[in-house]
Amino acid sequence: MPLTMGALLWLTAGGLAFALARIVPAGRTRRWRGELAATLLAGLALGVAATALDFGGWKELEWRAGTFALLGALGAAGAVRAYWLLRAASRNRAV
């Protein structure tokens with residue numbers, strides 16, 4: 001199945017969210033693959049949700065679906081960073 005323009009927009013939104021999250025130093029680690037996977041999967045999942053909510057579709061570029069996917073992917077990146085910060089804090093407290 002070829003990648004359509006809507007799905008490409010969702011992946012681009014996830015990639016942009018990853019790039020923006022890497023700029024923020026709080027919680028940034030060398031383990032970037034998990035954050036990349038989380039943002040791309042969130043972008044795709046929220047793009048599908050936007051399609052179900054009739055914000056766009058698989059075959060068309062719709063700014064509302066792109067914004068929905070971008071903001072959700074940024075939230076996913078924030079959740080991954082918060083998890084890593086809390087995990088590091090709990091390790092420091094246990095020692």
Side-chain angles (χ1 to χ4, degrees):
M1 180 174 103
L3 199 60
T4 61
M5 291 305 287
L8 186 63
L9 175 68
W10 309 334
L11 280 174
T12 303
L16 180 61
F18 171 73
L20 290 174
R22 292 305 291 175
I23 293 171
V24 178
R28 183 174 54 203
T29 64
R30 293 183 186 202
R31 299 173 302 186
W32 54 270
R33 289 181 186 98
E35 191 172 354
L36 177 63
T39 55
L40 290 178
L41 288 174
L44 282 175
L46 289 167
V48 170
T51 300
L53 294 171
D54 203 22
F55 288 165
W58 293 97
K59 297 182 181 180
E60 59 189 28
L61 294 174
E62 177 64 39
W63 69 270
R64 295 175 295 175
T67 304
F68 193 67
L70 175 65
L71 293 177
L74 284 171
V80 169
R81 293 277 181 100
Y83 171 74
W84 284 340
L85 285 172
L86 289 173
R87 186 174 172 191
S90 69
R91 283 184 180 173
N92 290 337
R93 200 174 315 146
V95 171

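Numbers here simply count residues along the sequence, with the first being 1.
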| Closest approach of W84 to T29 (non-hydrogen atoms, all atoms of both residues) | CZ3-OG1, 3.6 Å
| query | How long is the gap from CZ on R22 to CG on L36, to the nearest 0.5 Å? | reply | 9.5 Å
| request: First locate atom CG of L70, then atom CG of L16, and finally report the distance between them rounded to the nearest 0.5 Å. | output: 5.5 Å
| said: Quick check for you: to the nearest 0.5 Å, what is the distance between L74 atom CG and T39 atom OG1? | reply: 9.0 Å
| Donor-acceptor contact present, side-chain T67 to main-chain R64, <3.5 Å | no
| field | Transitive ILVMFWY side-chain link L46 to L44, under 4.5 Å | value | no
| remark: With sequence neighbours left out, the residues meeting salt bridge (Lys or Arg N to Asp or Glu O under 4.0 Å) with R28 are none
| request: May I have the step-by-step check of side-chain contact (heavy atoms from CB on, under 4.5 Å) for R81 and V24, ending in yes or no? | output: CA-CA 10 Å; R81 293 277 181 100; V24 178; 4.1 Å; yes
| message | Minimum heavy-atom separation for E35 and A77, please, with both atom names. | response | OE2-CB, 4.0 Å
| task | Measure up the F68 and F55 rings against each other and bin them: parallel (under 30°), tilted (30 to 60°), perpendicular (over 60°). | result | perpendicular
| task | Tell me, please, which residues at least two apart from T12 pass side-chain contact (heavy atoms from CB on, under 4.5 Å). | result | L8
| query | Which heavy-atom pair separates A13 from G66 by the least distance, and what is that distance? | reply | CB-O, 3.8 Å
| note | On a heavy-atom basis, the closest approach of A42 and A76 is CB-CB, 3.6 Å
| query | Between L40 and W10, is a side-chain contact (heavy atoms from CB on, under 4.5 Å) present by the stated rule, with each step listed? | reply | CA-CA 8 Å; L40 290 178; W10 309 334; over 6 Å; no
| Do Y83 and L85 belong together in a cluster built from hydrophobic side chains that touch within less than 4.5 Å? | no
